[in-house]
Peer 1: 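What follows is a single structure, and I will ask about it in a moment.
Keep in mind that this is a model prediction, so the values were computed, not measured.
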Amino acid sequence: MAIRKAVKGTAAVASGGLVAFYGLTQLTEYRKRQARLSRVEAVEQVNMAFQDELPSRQAQLTALRATQEFDVLVVGGGATGSGCALDAVTRDLKTALVERDDFSSGTSSRSTKLIHGGVRYLQKAIVKLDYEQYMMVKEALHERSNLLNIAPHLTALLPIMLPIYKWWQLPYYWAGIKIYDLVAGAQCLKSSYILTKTKALELFPMLKRDKLVGAIVYYDGQHNDARMNLAIALTAARYGAAIANYTEVVHLLKRVDPQMGKERVCGARCRDVITGQEFDVRAKCVINATGPFTDALRKMDDQKNPNICQPSAGVHIVIPGYYSPDNMGLLDPATSDGRVIFFLPWEKMTIAGTTDTPTEITPHPIPMEEDINFILTEVRNYLSPDVEVRRGDVLAAWSGIRPLVTNPNSKDTQSICRNHIVHISDSGLVTIAGGKWTTYRSMAEDTLDAAVKAHNLSAGPSKTVGLMLEGAKDWTPTMYIRLVQDYGLEVEVQYAIKEYACTAIDVIARRTRLGFLNVQAAEEALPRIVDIMGKQLTWSEQRKREELSAAKQFLYYEMGYKARSEQLTDTSEITLTPAEVGRYMKRFHKFDKENKGFITTVDVQRVLESINVYIDADTLHEILNEVDLNKNGQVEFNEFLQLMSAVKKGQVSANRLAILMKTAEQSLDQTESLEQREPVDQRKPVSVDRSGGGV
């Protein structure tokens, strides 16, 4: 009876939504035309010089030092901070931005890569009749549409499947998704639809088919988050903002306002992290857009300020692309502990996440093994038993810190603010905190509106709706083909330096996304990247070694290499059959000719040279070190068996030593086989021409 009532109720809601939907479709095209016209109008309002060449980082630092006073100084180079800089400079305000690390080095590069309104927020808004949540979704859907339009080179539409395993859930979720379409209105990307079980499995063959009823598909956007962040910052620079990464705030500058008799923030003492040089940047208004580090800057303003940031860690993993279709994501709306898991194609790989656990604030968050395993378990629940989801297939993992905040303007300072907050301190420090990636532009607009009012700045309204971002002009969907054909890694690294890449980490993590996609491939590319950067930036040999070491540490801790390598330990159980042990013993002895019971880099080098394969000593040492569990400089036979057992169980995959030894064994066996054959006829061979082509 309860199920029948639920079905009846959701069906009634769905019916009403359907009528409303068809009533609105007649206005859709008209509204889209109006939206396009408003975007064109907004772009035309920005009557400012657009620099063809980006100023160098050194030129930007010179501008920060030499400018007597800026109108606005933004602290923080994430999505929100970069958005504030772009909003300010396009209002014709003299704008500066400083970031103590690289642009998008924090949370902004570690998202789920979705541009979305938030289906789960809409569900809460409806169930709890929460108008604030509803407006948050509506605003995010507007911003989703704008972002897809202003950065077509970094965004794409993504259909997301919601598999249904209970009949009563079909009308319930269908009604909710249709309301999601309706709230988007003219900015609905594509209409959602229902799939039969057969069609759902055809589009997503990896799905668990047992008890599958059907599926609902809706549309959201997807983007390359770090590149998007960088595009926003570079666009601000093109319009004249002085922006500098690796420039940290040491302390805030203050002066006494003669009219009010109070101390007012008037800039910041900054340090170039690379050179150590310090200098003052003076500004009429300072904006705190530091994400999880919001409280640190607030306490620079006033030590008595209470903490408002309540950090939460979100872990994501990357697994091979064959785990999902090329153009279809998956949403699990109710995991075992009530969280939401996305399973999405991204950059030819598959990204899965996220978790939501309290954490400490740190500039270098590390993905924990328990979070990685939680995501893998939830993924297994939705995929066919035929698909073996192995721990060893995790190519990368990362953790990002969500800067959830309490509202200092509210009497109830304990409750988490669902939306973003803008707060202005007694000394005039403007703080923007909370919010989400998708709404960075509207957050920046609200922040500058508040800053202009509080500091009596001479500026008009925001002009960033419809303003095309760096790289969007003249872009076409097939442009990448020409780029791949004409340019290689060397040119890409050189261009990354023009985009203010200062370290090897900047290149592998944020200019390219290799570190986020495959830590092993990133590590293998590092020596070449460091070599190219060293030539361009005139690094000493010592600096090159430091860069290589720092980048490897980044991959090891922050990109999940450590968690991956810990799958193989000296206590790992060996679960091999006697036949398998015999086969691996034969392979091991191809390298251990003296039957020492262990192999070293010298043994491996000797075998490789015999088959004309050459690997430098440093790389070979790293390869063996991954398997050298007791760290005595050699790989013992038992360690080799532990490795092959872990490979068999799926705990480890793509191990370089395992691949190298198998390949070498095959080459050696082939050579021995050829040598053991009977001598062939030594008569002079007949030419192909004379033999009629060998027929």
Side-chain angles (χ1 to χ4, degrees), residues 45-49 51 55 60-100 103 229 232-245 247-249 251-255 257 264-270 279-291 293-294 297-298 300-301 420-433 435 440-464 467:
Q45 288 175 2
V46 183
N47 297 316
M48 302 176 62
Q51 301 180 42
Q60 297 282 37
L61 287 169
T62 300
L64 288 172
R65 290 191 186 98
T67 302
Q68 185 174 357
E69 186 180 50
F70 289 95
D71 292 317
V72 173
L73 167 62
V74 181
V75 182
T80 305
S82 299
C84 286
L86 180 57
D87 191 287
V89 76
T90 51
R91 296 190 195 209
D92 207 18
L93 292 170
K94 195 177 291 184
T95 304
L97 180 148
V98 293
E99 160 59 48
R100 73 173 180 183
F103 303 112
N229 190 160
I232 299 164
L234 296 182
T235 307
R238 295 276 193 192
Y239 279 111
I243 67 172
N245 55 352
T247 306
E248 67 177 342
V249 171
H251 60 80
L252 295 174
L253 302 177
K254 292 187 176 183
R255 61 176 172 79
D257 187 323
R264 303 283 288 176
V265 173
C266 63
R269 180 72 173 177
C270 297
F279 54 93
D280 290 342
V281 179
R282 298 195 175 273
K284 296 172 185 173
C285 170
V286 176
I287 295 176
N288 174 11
T290 53
F293 304 97
T294 294
L297 201 66
R298 278 167 46 82
M300 277 189 192
D301 178 28
H420 63 270
I421 60 104
V422 178
H423 178 258
I424 301 174
S425 72
D426 291 340
S427 64
L429 177 68
V430 180
T431 294
I432 169 66
Y440 84 90
R441 193 212 61 82
S442 62
M443 292 167 64
E445 180 179 347
D446 289 349
T447 305
L448 265 297
D449 285 345
V452 167
K453 182 178 179 181
H455 291 272
N456 297 314
L457 302 177
S458 179
S462 176
K463 302 173 184 176
T464 52
L467 187 68

Peer 1: Show, in sequence, the C-alpha distance, side-chain angles and deciding distance for Phe103 and Leu97, and conclude whether the side chain to side chain contact (heavy atoms under 4.5 Å, CB included) test is met.
Peer 2: CA-CA 10 Å; Phe103 303 112; Leu97 180 148; 3.7 Å; yes
Peer 1: Could you measure the distance from the OG1 atom of Thr290 to the CE atom of Met300? Nearest 0.5 Å is fine.
Peer 2: 9.0 Å
Peer 1: Return the OG1 to CD distance between Thr247 and Glu99, rounded to the nearest 0.5 Å.
Peer 2: 9.0 Å
Peer 1: For residues Ser462 and Glu445, report the shortest heavy-atom separation together with the two atoms involved.
Peer 2: CB-CG, 3.5 Å
Peer 1: Between Thr67 and Phe70, is there a donor-acceptor pair closer than 3.5 Å when you use the side chain of the first and the backbone of the second?
Peer 2: no
Peer 1: Calculate, to the nearest 0.5 Å, the distance between atoms CG and CZ belonging to Leu64 and Arg282 respectively.
Peer 2: 14.0 Å
Peer 1: Using a 4.5 Å cut-off on heavy atoms from C-beta on, say whether the side chain of Leu467 contacts that of Leu86.
Peer 2: yes
Peer 1: Please report the closest heavy-atom contact between Thr90 and Tyr239, naming both atoms and the distance.
Peer 2: CG2-CD1, 4.1 Å
Peer 1: Take atom CG of Asp280 as the centre, draw a 6.0 Å sphere, and report whether it contains more than 12 heavy atoms from other residues, nucleotides or ligands.
Peer 2: yes
Peer 1: State whether the side chain of Arg264 and the backbone N or O of Asp426 hold a donor-acceptor pair below 3.5 Å, judged by distance alone.
Peer 2: yes
Peer 1: With a 4.5 Å limit on heavy-atom distance, are the side chains of Leu448 and Leu93 in contact?
Peer 2: yes
Peer 1: So how far is it from Thr431 OG1 to Ile287 CD1, rounded to the nearest 0.5 Å?
Peer 2: 9.5 Å
Peer 1: Checking His455 side chain against Gly428 main chain: does a donor-acceptor pair fall under 3.5 Å?
Peer 2: yes
Peer 1: Drop me the distance from Leu457's CG to Asp92's CG, to the nearest 0.5 angstrom.
Peer 2: 12.0 Å
Peer 1: When you measure from the side chain of Lys94 to the backbone N and O of Ala283, does any donor-acceptor pair fall under 3.5 Å?
Peer 2: no
Peer 1: For Ala459 and Val452, work out which heavy atoms get closest and say how close.
Peer 2: CB-CG2, 4.0 Å
Peer 1: For Ala244 versus Leu61, what's the shortest heavy-atom pair and its separation?
Peer 2: CB-CD2, 3.9 Å
Peer 1: If you take all heavy atoms of Leu253 and Val281, which pair is closest and at what distance?
Peer 2: CD1-O, 4.1 Å
Peer 1: How long is the span from the CG atom in Leu73 to the NZ atom in Lys284, to the nearest 0.5 Å?
Peer 2: 13.5 Å
Peer 1: Taking side chain to side chain donor-acceptor pair (under 3.5 Å) as the criterion, tell me which of Asp449, Thr464, Asp71 meets it with Arg91.
Peer 2: Asp449
Peer 1: Can you see which heavy atom on Ile243 is nearest to which on Ala233, and at what distance?
Peer 2: CD1-O, 3.4 Å
Peer 1: A side-chain contact here means heavy atoms from C-beta on lying under 4.5 Å apart; do Val72 and Val430 qualify?
Peer 2: no
